[in-house]
Amino acid sequence: MNLRSKIHMARMKREVNMSRSKRWLALFLALVAVGIGLFMAVNFTVDPTGYFTVERGADSVGANGYTRAAKCKYIKKNSDQYNAVVLGGSKAGVLSTKLLSQYSGKSYYNFYVAYGCFSDFLTYARYLVNTAGVEEITLHLSSIEVQKYSRADENEIYEVPAVVNGSLPELILENLNYLCRDITASIDYIRTGNEELERGLDSIVTGERNYSYPYSLMEEDREAYNDKYVLVRYEKRLKAMFDKTEPTLAAAEDNIAAMKKIKKLCDKNGVKLNVVIGPTFMSEIPLFECEAYYDYLRELVQITDMWDFSGFIPENRNPYNFVNEGHYDNAVADLMVNTMYGKEQKEGFGTLLTKDNIEEYLAARQAEYDRLKKEYKENGTLELYDMDHESYIG
């Protein structure tokens with residue numbers, strides 16, 4: 001074989017090897033692409049945080065997931081179906097949209113979010129007015145918002161989703177983040193089983209909170225349930241309140257500023273604003289009860305009237321009105337709504353606070369505090385009521 005033939009054969013061999021390398025590279029890239037696709041498909045389908053709830057066409061969302069994103073996307077997609085919203089933290093989740101719609105004549109959606117705070121209330125009020133054109137907002141306060149203005153720095157599910165105030169690149173990056181996250185979380189989510197997963201699923205269609213699982217535990221043994229979930233820190237919290245351990249009201253000033261902006265937003269857009277402070281079990285009241293909180297209420301009523309169901313009323317001393325130490329049940333929520341719209345009245349349950357009656361209200365609240373403090377000092381605890389007491393709402 002001459003030199004020219006040898007060179008030709010070597011060139012042919014190199015070309016064959018290069019062709020094989022290209023095929024192997026293409027096959028490798030294809031396998032990687034398929035692997036990434038499957039990886040993303042698992043995260044999308046299982047969706048541990050509920051970020052893709054709307055895209056998957058699901059009718060429920062995990063109560064402890066990224067409900068901020070799910071509800072924002074749901075409202076944007078179905079903006080023509082709703083013109084009124086409940087806005088608030090987790091307590092507000094049991095306010096009945098059917099009942100509110102019946103009284104107001106509006107189509108209500110419950111836009112509660114876990115650990116809601118005034119930063120959320122202002123952000124989502126703007127979003128809901130601009131996106132869904134809502135005509136009425138029932139803003140539910142829980143009093144403990146005075147502790148922190150924003151929770152966005154605590155966990156990613158408390159952040160404002162990109163669909164609300166992000167650009168298109170930010171929205172794309174956020175989607176990729178949830179598609180490409182650690183797949184072990186999805187696998188662990190699957191392993192928990194359907195029965196476990198269904199315990200914390202809320203309706204995405206109404207936005208309301210689902211308490212079917214805790215109610216089933218109550219039916220099994222209500223006393224044991226109360227001890228474990230409602231009274232768990234009762235004695236410790238009472239001691240803190242009556243020994244005058246001052247609570248932290250770090251967010252009060254920012255909250256007041258946000259409330260002014262919410263009111264201005266509503267007035268500018270012709271949106272009716274209803275404000276309500278929900279019932280609070282006795283073990284949670286010590287987290288905010290102090291003279292500075294009374295000043296906070298004085299400031300709020302200068303901005304708008306508001307219904308108040310908190311404080312030392314008998315209903316808040318009855319653990320059977322509560323699902324846990326921080327949340328009241330559906331029957332209490334219904335009575336609140338009925339009271340606000342004048343259909344039903346239970347003596348002492350609910351006060352419409354205004355500029356004119358705030359001082360009278362606060363004086364009565366302080367007097368009740370003093371009376372309870374005396375009872376606590378004498379007995380080492382406070383009397384709680386049961387289901388046979390008139391304070392029981394269920």
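Just the heavy atoms: all of them, side chains too, but no hydrogens, waters or symmetry mates, feed the values below.
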Q. Would you find a donor on one side and an acceptor on the other, under 3.5 Å apart, between the side chain of Tyr109 and the backbone of Ile204?
A. yes
Q: For Met336 and Phe349, run side-chain contact (heavy atoms from CB on, under 4.5 Å): C-alpha distance rounded to whole Å, both residues' side-chain angles, the deciding distance at 0.1 Å, then the answer.
A: CA-CA 8 Å; Met336 285 170 58; Phe349 183 71; 3.9 Å; yes
Q) Has the side chain of Lys71 got a donor or acceptor atom that lies under 3.5 Å from a matching backbone atom of Tyr112? A) yes
Q. Does the side chain of Thr354 come under 3.5 Å of the side chain of Asp356 through a donor N or O and an acceptor N or O?
A. no
Q | ring-ring contact (aromatic ring centres under 6.0 Å, His included) assessment of Tyr369 paired with Phe242 | A | CA-CA 9 Å; Tyr369 169 86; Phe242 293 120; 5.5 Å; yes
Q: Kindly write out the residues that satisfy side chain to side chain donor-acceptor pair (under 3.5 Å) with Thr97, not counting sequence neighbours, or none if the list is empty.
A: Glu208
Q. Out of curiosity, Leu100 CG to Met340 CE, how far, rounded to the nearest 0.5 Å?
A. 7.0 Å
Q) Asp243: what forms a side chain to side chain donor-acceptor pair (under 3.5 Å) with it, not counting sequence neighbours? A) Lys239, Lys377
Q) Within a radius of less than 6.0 Å around NZ of Lys346, do more than 12 heavy atoms belonging to other residues, nucleotides or ligands occur? A) yes
Q.
Please report the interatomic distance CD(Glu145) to CG(Leu249), rounded to the nearest 0.5 Å.
A. 11.0 Å
Q. So which heavy atom on Ala114 is nearest to which on Arg68, and how close?
A. O-NH2, 2.8 Å
**Q.** Whether Ser101 side chain and Lys106 backbone form a donor-acceptor pair below 3.5 Å
**A.** yes
Q. Where does the angle between the aromatic ring planes of Tyr51 and Tyr178 fall among parallel (under 30°), tilted (30 to 60°) and perpendicular (over 60°)?
A. parallel
Q) Without hydrogens or angle criteria, can the side chains of Asn379 and Thr381 be said to hold a donor-acceptor pair below 3.5 Å? A) no
Q) Which value, rounded to the nearest 0.5 Å, describes the distance between Asn165 atom CG and Leu171 atom CG? A) 11.0 Å
(Q) Among residues at least two apart in sequence or on other chains, which ones pass side chain to side chain donor-acceptor pair (under 3.5 Å) with Glu289? (A) Tyr294, Arg365
Q: Run the numbers on Gln302 and Lys355 for side-chain contact (heavy atoms from CB on, under 4.5 Å), then give the verdict.
A: CA-CA 6 Å; Gln302 300 307 309; Lys355 297 176 186 177; 3.9 Å; yes
Q | Under 3.5 Å: donor-acceptor pair, side chain of Asn269, backbone of Val271 | A | no
Q: State whether the side chain of Asp120 and the backbone N or O of Thr123 hold a donor-acceptor pair below 3.5 Å, judged by distance alone.
A: no
Q) Would Glu136 and Tyr108 count as a side-chain hydrogen bond (donor to acceptor under 3.5 Å, both in side chains) if you check the C-alpha gap in whole Å, the side-chain angles of each, and the deciding distance to 0.1 Å? A) CA-CA 9 Å; Glu136 182 168 311; Tyr108 255 89; 2.7 Å; yes
Q. Between CD of Gln102 and OG of Ser96, what distance do you get to the nearest 0.5 Å?
A. 8.5 Å
Q | Atom pair OG1 (Thr280) and CZ (Phe322), whose distance is rounded to the nearest 0.5 Å | A | 7.0 Å
**Q.** Ring centres under 6.0 angstrom apart (Tyr296, Tyr293)
**A.** yes
Q: Give the intermediate values and the outcome of salt bridge (charged side-chain N to carboxylate O under 4.0 Å, His left out) for residues Arg317 and Glu375.
A: CA-CA 14 Å; Arg317 293 178 61 181; Glu375 179 183 336; 3.6 Å; yes
Q: Could you label the plane-to-plane angle of the Tyr320 and Tyr392 rings as parallel, tilted or perpendicular, counting under 30° as parallel and over 60° as perpendicular?
A: perpendicular
Q | Gap separating the NZ atom of Lys91 from the CD1 atom of Ile277, nearest 0.5 angstrom | A | 11.5 Å
Q: Count the heavy atoms of every other residue, nucleotide or ligand shown that sit under 6.0 Å from CG of Asp386, and state whether that count exceeds 12.
A: yes
Q) Are the side chain of Glu55 and the backbone N or O of Phe44 linked by a donor-acceptor pair below 3.5 Å? A) no
**Q.** Verify same cluster id: Tyr229, Tyr213 (apolar side-chain graph, 4.5 Å)
**A.** yes
Q: Could you go through the ring-ring contact (aromatic ring centres under 6.0 Å, His included) check for Phe118 and Phe121 one step at a time?
A: CA-CA 5 Å; Phe118 261 92; Phe121 304 157; 5.3 Å; yes
Q) Can you pull the salt bridge (charged side-chain N to carboxylate O under 4.0 Å, His left out) pairs that have at least one residue in residues 324-341, sequence neighbours excluded? A) Arg233-Glu325
Q.
Are there over 12 heavy-atom neighbours, none belonging to Gln81, within less than 6.0 Å of that residue's CD?
A. yes
Q: Go through the steps for Ile137 and Tyr124 under the test side-chain contact (heavy atoms from CB on, under 4.5 Å), then give the verdict.
A: CA-CA 11 Å; Ile137 295 175; Tyr124 298 124; over 6 Å; no
Q | Side-chain donor-acceptor contact under 3.5 Å, Tyr74 with Thr53 | A | no
(Q) Going by ring-ring contact (aromatic ring centres under 6.0 Å, His included), name the pairs with one or both residues in residues 149-177, residues two or more places apart or in two chains. (A) Tyr115-Tyr158
Q.
Counting only heavy atoms not in Gln345 (residues, nucleotides, ligands), do more than 12 fall under 6.0 Å from its CD?
A. no
Q. Do Tyr328 side-chain atoms and Gly278 backbone N/O form a donor-acceptor pair below 3.5 Å?
A. no
Q.
Using every non-hydrogen atom in the two residues, find where Thr45 and Arg56 come nearest and quote the distance to one decimal.
A. O-CD, 3.7 Å
Q: Measure from the side-chain N and O atoms of Asn177 to the backbone N and O of Leu173, and report whether any donor-acceptor pair falls under 3.5 Å.
A: no
Q: Answer with yes or no whether the side chains of Tyr215 and Asn330 bring together a donor and an acceptor at under 3.5 Å.
A: yes
(Q) If we ignore hydrogens and angles and just use 3.5 Å, is the side chain of Asn110 paired with the main-chain N or O of Arg209 as donor and acceptor? (A) no
(Q) If you compare all heavy atoms of Phe288 against all heavy atoms of Val146, which two are closest, and at what distance to 0.1 Å? (A) CB-CG2, 3.9 Å
Q. Hey, quick one: are Ile313 and Tyr385 part of the same hydrophobic cluster, counting side-chain heavy atoms closer than 4.5 Å, chains of contacts allowed?
A. no
Q: For Ile358, enumerate each residue passing the side chain to side chain contact (heavy atoms under 4.5 Å, CB included) test, keeping only those at least two apart in sequence or located in another chain.
A: Leu297, Arg298, Val301, Leu353, Tyr361, Leu362
Q.
Looking only at side-chain N and O atoms, does Tyr103 offer a donor or acceptor that is under 3.5 Å from a partner on Asn338?
A. yes
Q | Minimum heavy-atom distance Leu273-Cys266, with the two atoms named | A | CB-SG, 4.1 Å
Q.
Checking the side chain of Asn357 only, and the main-chain atoms of Leu352 only, is there a donor and an acceptor separated by less than 3.5 Å?
A. yes
Q: Run the numbers on Glu154 and Lys148 for side-chain contact (heavy atoms from CB on, under 4.5 Å), then give the verdict.
A: CA-CA 11 Å; Glu154 292 190 13; Lys148 196 165 187 179; 3.0 Å; yes
Q. Would you find more than 12 non-hydrogen atoms of other residues, nucleotides or ligands less than 6.0 Å from Glu347 atom CD?
A. no
**Q.** Nearest non-hydrogen partners of Asn316 and Pro279, listed with the distance
**A.** OD1-CB, 3.4 Å
Q: Report yes or no: do Ile172 and Tyr66 belong to one cluster of Ile/Leu/Val/Met/Phe/Trp/Tyr joined by side chain heavy-atom distances under 4.5 Å?
A: yes
